[in-house]
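Beneath this line is the structure, given in structure tokens, with notes to follow.
Just follow the structure's listing: the first ligand is 1, and inside any ligand the first atom is 1.
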Amino acid sequence: MAKANFTVPELKQYAEIPAIEPGAMAHSSPFVSKPEFQEPLGFPGELAEDWQDHAIAKMGEMLGKYRSLRVYLDSCVKCGSCTDKCHYYIGTKDPKNMPVGRQDLMRKVYRRYFTLAGKYFPKLVGAEDFTREVLDDWYSYFHQCSQCRRCSVFCPYGIDTAEISMAAREIMDGIGMGQKYCNEIIAKVYKIGNNLGLPGPALLDTLEGLEEDVEDETGVAVKYPVDQEGAEILLVTPSADFFAEPHVDGLIGYGKVFHEAGVSWTVSSYASEAANFGMFIGSYENMRQISQRIRKAAIDLKVKRIVFGECGHAWRVAYSFLNTLAGPWDFLDPRYPVPQHICEFTNELIKEGKLKFDKSQNDDMVLTFHDSCNVARATRMGDRPGGQFEIPRAVIKAVCNNYFDMDEETIRERTFCCGGGGGLLTDDLMEIRVKGAKPRVEALNNVMQEKGVTHLAAICAICKSQFSKVLPFYGMEMDQVVSVHQLVSNAIVLTGQETENDDEDEEAGDAA
Ligand code: SF4
Ligand code: SF4
């Protein structure tokens with residue numbers, strides 16, 4: 001079991017609503033971004049003396065721009081329905097991690113400066129000045145929200161705390177108090193093309209290495225091309241897919257599927273990143289600039305289609321906003337969705353009977369599936385409602401014999417966050433990550449005990465990294481997490497592939 005310098009929550013068989021512990025997570029706060037990572041993103045380097053005036057002005061600008069923000073701040077009736085729905089509250093017991101508690105951090109400032117009652121009778125309406133103490137609370141608790149939207153599913157008014165937390169982060173960035181992890185990563189995308197700072201030659205080397213590995217393993221020359229002009233498909237995938245485990249096994253799977261489909265494809269060294277952390281910091285401008293890189297790569301490489309790899313929030317940005325951020329996409333082939341998810345792509349081929357599988361290659365695992373928040377609650381797949389739940393499951397079931405869902409209350413649109421989304425996947429937030437993972441790990445533990453599940457499949461790079469890191473805190477193994485296309489890769493039988501049966505026949509022939 002991984003060692004923690006905090007108390008790891010105990011897993012229970014039944015979900016428990018904990019008694020509140022005010023201030024339990026007040027100490028949790030990520031590192032603040034240095035000026036050199038703030039400025040390239042268009043933000044002030046650090047907090048100025050008159051930060052309060054700037055913050056209120058920025059808030060006013062946003063209230064004018066985003067009508068939803070004002071509606072969310074005005075319409076809460078304190079019904080309490082959201083209070084026990086956030087994984088961070090369940091895991092930490094801190095009332096400021098109740099969605100309504102988190103919203104109130106902004107609501108009290110909004111009331112003080114933007115409502116008549118708050119200006120004249122602040123105490124009566126819970127309005128408060130935007131003091132340094134309040135700002136520190138914002139910084140702490142708006143970085144304890146993974147923007148997963150689970151609370152909004154249960155709010156009778158549809159109040160989306162994720163949007164409030166994005167707005168809060170945008171205001172803080174606007175006054176020079178951005179988060180180191182997200183802002184450093186965005187700066188790397190601008191400079192090098194991906195979150196991990198992997199330069200073009202290293203990318204080329206990595207993909208050539210994969211080609212050799214796959215050919216050694218299967219005897220088939222599957223290509224993993226970079227910057228191939230005129231390819232039909234541009235694959236935009238999280239950079240973790242290029243080397244992290246189990247992500248890279250998913251990338252191997254995408255390549256095998258493209259190979260069997262007989263389509264040409266490429267990744268771009270210029271836009272070698274599907275992730276878009278502009279969304280986490282609530283910055284439309286940064287989200288737009290990152291998305292524009294994909295447009296430029298698609299035009300430069302003269303592709304006809306764009307397919308996204310396994311990444312939850314990238315799929316949200318792509319599915320929900322790509323057209324606004326970087327469209328129109330009228331130069332792409334109109335017969336295909338723009339963009340398309342790799343699970344949709346694979347599932348279509350499965351439905352058409354174009355892929356051959358040996359499901360027994362996954363018989364060493366009993367699988368369950370984690371619905372990633374951004375995919376589940378902010379996107380769709382395919383042409384039917386609920387496609388984002390059914391299509392990944394259909395792919396898994398096509399390639400595995402042993403599959404069980406976790407408890408219904410914890411999957412599909414009610415899925416629990418992995419605990420590391422929304423820009424929280426950083427070591428300086430390990431405590432909140434481990435505690436926030438509790439409800440998801442609890443449901444996983446139950447299905448392990450009841451059904452003998454051994455592995456958790458996911459289609460999000462952040463979920464995979466987060467689970468690999470936090471499962472050991474709960475006494476589980478980091479390699480219990482797998483990519484969905486890793487399962488596809490294990491089971492797919494490539495045309496001309498040397499199989500174990502061929503080897504056995506050969507050995508039998510030699511013996512004869
Ligand atoms: S969006 Fe998710 S993390 Fe944020 S308050 Fe709601 S449930 Fe919690
Ligand atoms: S469920 Fe909605 S209306 Fe009710 S307390 Fe929560 S945010 Fe407010």
Exercise. Can you tell me which residue and heavy atom of the protein come closest to atom 3 (S) of ligand 2, and the distance to 0.1 Å?
Worked result: Val77 N, 3.6 Å
Problem set entry | Polar protein atoms (N, O or S) that approach atom 6 (Fe) of ligand 2 to under 2.8 Å | Cys82 SG
Exercise. Which of the atoms of ligand 1 are close to Arg149, meaning less than 4.0 Å from one of its heavy atoms?
Worked result: 1 (S), 2 (Fe)
Exercise. So do Ser465 and His247 actually touch side chain to side chain, heavy atoms under 4.5 Å?
Worked result: yes
Exercise. Among protein heavy atoms, which sits nearest to atom 5 (S) of ligand 1, and what does the distance come to when rounded to 0.1 Å?
Worked result: Arg102 NE, 3.4 Å
For this session: Flag Cys148 as yes if one of its N/O/S atoms falls below 2.8 Å of atom 2 (Fe) of ligand 1, otherwise no.
Result: yes
Exercise. So Phe130 and Trp138, would you call those rings parallel, tilted or perpendicular, with 30° and 60° as cut-offs?
Worked result: tilted
Problem set entry | For Pro156, the ligand 2 atoms whose distance to one of its heavy atoms is below 4.0 Å | 1 (S)
Exercise. Counting each atom of ligand 1 from 1 as listed, which ones have a heavy atom of Tyr88 under 4.0 Å away?
Worked result: 3 (S)
For this session: Would you tell me whether His87 and Arg440 have side-chain atoms, one donor and one acceptor, within less than 3.5 Å of each other?
Result: no
Exercise. Using 4.0 Å as the upper bound for N to carboxylate O, is an ion pair formed by Arg111 and Glu128?
Worked result: no
Problem set entry | Side-chain (Arg102) to main-chain (Tyr141) donor-acceptor, under 3.5 angstrom | yes
Exercise. For atom 4 (Fe) of ligand 1, what's the nearest protein heavy atom and its distance?
Worked result: Cys145 SG, 2.4 Å
For this session: Do me a favour and list the nearest non-hydrogen protein atom to atom 8 (Fe) of ligand 1 with residue, atom name and distance?
Result: Cys86 SG, 2.4 Å
Problem set entry | Donor on one side chain, acceptor on other, Ser483 and Asp249, under 3.5 Å | no
For this session: May I ask you to check whether Tyr110 and Asp74 show a side-chain donor-acceptor distance below 3.5 Å?
Result: yes
Exercise. Is any side-chain heavy atom of Phe280 closer than 4.5 Å to a side-chain heavy atom of Met166?
Worked result: no
